[in-house]
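The structure appears below as C-alpha cells.
Any value given below was found using the heavy atoms of this structure, including those in side chains, with hydrogens, waters and symmetry copies removed. Proteins come first, then strands; the chains are lettered A, B, ... in the order of their sequence lines, and each starts at number 1.
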Protein chains: 2
Amino acid sequence: MTQSPWQPISPAKPVRPAKEPLNRERIVDTALRVMIDQGYEAVSMRKIAQELQTGPASLYAHVANKKELDQLLVDRAAAAMNLPSPPDPERWQEQLKEAMREMLRAMRTMPGVARAAIGAVPLGEAALRTSECLLGILKAGGLPDQAVAWAVDLIPLYVTAVAFEENVQRADQWSPEDLEQFLDGLRSYFASLPADRFPLTMALAGPLTAGAAGDDRFEFGISVITAGLASLAERR
Amino acid sequence: MTQSPWQPISPAKPVRPAKEPLNRERIVDTALRVMIDQGYEAVSMRKIAQELQTGPASLYAHVANKKELDQLLVDRAAAAMNLPSPPDPERWQEQLKEAMREMLRAMRTMPGVARAAIGAVPLGEAALRTSECLLGILKAGGLPDQAVAWAVDLIPLYVTAVAFEENVQRADQWSPEDLEQFLDGLRSYFASLPADRFPLTMALAGPLTAGAAGDDRFEFGISVITAGLASLAERR
DNA sequence: ACCTGAACACCGTTCAAGT
DNA sequence: ACCTGAACACCGTTCAAGT
C-alpha cells in the first residue's frame, strides 16, 4: 500500500479516539434523555449501554447498580427545582404551596422520575438542598421541630405519589381523548352499580370523576396538607 | 403385569384428575401466597405458573395480563379491610383516622400490595366498598361534595405511599438492626455536612431520623390530613 | 374451551478475559 | 483502571398446536 502524499507519514492516529470514554455524567445524561423520551420503563442498563454503543457490563465500572442510577436521576430532578427562598414567616403557607407546585413541575419535565424516587431515601446533594429549603419554610411557620421533620417527609411523599400516578397514565399512552373516554366509562359504571350498596358513589359520580385532567385535585391536596400543618402551628 | 385382587378390574382411573383445573381464584390465591412470602417482586406470571405446576401461557386463559392480576390482589387487600361504619358526624375525624390505620394494617399483612395498588384506579368490588365507606365518613364531616370526592382520592394515595415505602425497606431485607445502623449512618452524614449550606438539616438531624420504625410518622400524617380536611369543613 | 411447549424480545448482574 | 463478550437466571406475552 502507498501513502497518499498529503497524509502524514506517521502512523494514522485519529485526532480523537473513536469513542470518548464512559463516565458517570454521560451515563446519567443518556438515562435522563431516554427517560424523558420513552418513560421510566425504558431506562434499563442494557438500553443505556446500547445508546452509548457498548455492552451493559461496561456501565458497572461507573455506577454500582440500577438503583444507584435511579438515585442519580432523582437528584437531577431535584437540581432542576427552583424553590422559594428565603423563608418568610408572613407568607410561609404560600411558599410551601409554591414549593410543592415547583416540585411537581420539575417531576413532570422528567416523567418517570417519580417512579425512581418513590420509596427511596433521597440523599443526593440537590435532594438535600430541597429538604433544607422545606425545613426553612416550615420553621418559619413556627411548627415544632418534630412536626417540621415529619412534614419534610410527608410533602415529597405526596408530590411524588401524585407525579407517579400521572406517570402511570402516561406510560399507558393515554391521550386526553382516551382519558375523557375512560371517565365517561367510569361515570356509566358508577351509574350501573347496585343503588342500595353504593348510594354515595352513585350520588357523587360527578365530583369523583372531575379534575382528573387539570391541577385542581393537586391544588386540593396541597391546600389540605398546608391547612393541616398550619393547624399544628397554631397550637404552639 | 397382574392385577392385585383387591383392585377393581376396570382400567385404573383415578377418582380425581391429577390436576384440578385452573381458575381465577386459584391463580389469585397462589399469587397472594407468593406475595406474602416473598414480596411483590416475586409475583411473576412465570413463578405463579410454576407454583401451579403449569407454564406461564396457561394463566392467560383466566387473567388478561399481569396488571389485571395485580388489580385482583389489590382487591383482596381491600376486602380484608374492616372500616368503621356507620358514619357518625360527632366522631368523623376519629373514624377517618381509624379507617386510615385499618387500611395500612391490611396492606401490611400483604407486603407488596401497595406496589400493585399505587398508580392504578382501584375499581374492584371491595375497593369500591372502601371508597363508599370513606365517602360516608367525609359526608358526615360536612365537607362539600367536591372536597369529599378529592379526599377519597387523597387518602388512599397517602396510605398506599406509606405502605409502599415500608415495602421497599422490607424488599431490601432490612432487619431492625440494619435500620438502626442506617439511621446512625444518616445522623453522622448529616453531622458531616457543610454547616453554612445545611444548617437546618444539621440542627434537626435528631427529629429527621426519628420515628422511622414505629407509627409516629404515620400518625402525624393522618393528623395533618384530618386537620386539613376539618378546616375545609368549618368553612361551610 | 382450555391447556401446552416453544419462541420472541426483553431484564439486572457477574465474571473471566482482554487492553 | 477500564472495557468487553458471553453467560446466568430471570421477565411478560404470543401463538400454533394439541386435547
**Asked** Just checking, any donor-acceptor pair under 3.5 angstrom between side chains of B/T30 and B/E51?
**Response** no
**Message:** Applying a 4.0 Å non-hydrogen cut-off, can you work out what A/S44 is touching in the nucleic acid: base, sugar-phosphate, or nothing?
**Reply:** sugar-phosphate
**Prompt:** Is B/E125 close to A/R197 at the side-chain level, that is, under 4.5 Å between some pair of heavy atoms?
**Reply:** yes
**Request:** Find the distance between CG (A/L59) and CD1 (A/I27) and round it off to the nearest 0.5 Å.
**Result:** 5.0 Å
**Prompt:** Nearest-Å distance, CG (A/N23) to C1' (D/dC3)?
**Reply:** 14 Å
**Request:** Among the candidates D/dT4, C/dC11, C/dG5, find the nucleotide nearest to the side-chain atoms of B/A57.
**Result:** C/dG5
**Asked** Can you tell me how far C1' of C/dC11 sits from CD of B/E41, to the nearest Å?
**Response** 12 Å
**Complete:** Per-residue pairing states of DNA chain D in dot-bracket (Watson-Crick or G-U under 3.5 Å; . unpaired, | other strand) read ||.|||||...|||||.||
**Message:** Within the 4.5 Å heavy-atom criterion, are A/V224 and A/E219 side-chain neighbours or not?
**Reply:** no
**Asked** Which residues, if any, of residues 59-77 of chain B bring a heavy atom under 4.0 Å of DNA chain D?
**Response** B/Y60, B/N65, B/K66
**Request:** Take the protein atom CD1 of B/I48 and the nucleotide atom P of D/dC10, then report the distance between them rounded to whole Å.
**Result:** 14 Å
**Asked** To the nearest Å, how far apart are A/M45 CE and D/dA7 P?
**Response** 21 Å
**Prompt:** Does one side chain, of A/Y60 or A/N65, offer a donor that lies under 3.5 Å from an acceptor on the other?
**Reply:** no
**B/T54 side-chain proximity, nearest of D/dC11, C/dT4, D/dC3** = C/dT4
**Message:** Would you say that more than 12 heavy atoms from the other residues, nucleotides or ligands in this model lie under 6.0 Å from the CD of A/Q181, or not?
**Reply:** no
**Prompt:** So, do B/L193 and B/Y189 sit near enough that their side-chain heavy atoms are less than 4.5 Å apart?
**Reply:** yes
**Rounded interatomic separation in angstrom, taking CD1 from B/I27 and C1' from C/dC3** = 12 Å
**Complete:** Separation of D/dA9 atom P from B/K47 atom NZ, nearest Å, is 14 Å
**Prompt:** From the list D/dT13, C/dC11, D/dC11, which nucleotide is the closest neighbour of the side chain of A/R46?
**Reply:** C/dC11
**Request:** Please work out whether the ring planes of B/Y158 and B/F218 are parallel, tilted or perpendicular, with thresholds of 30° and 60°.
**Result:** parallel
**Asked** C1' atom, C/dC3 versus D/dA16: distance in rounded Å?
**Response** 13 Å
**Request:** Measure the shortest side-chain to side-chain distance between B/Q146 and A/F220 over non-hydrogen atoms and say whether it is less than 4.5 angstrom.
**Result:** no
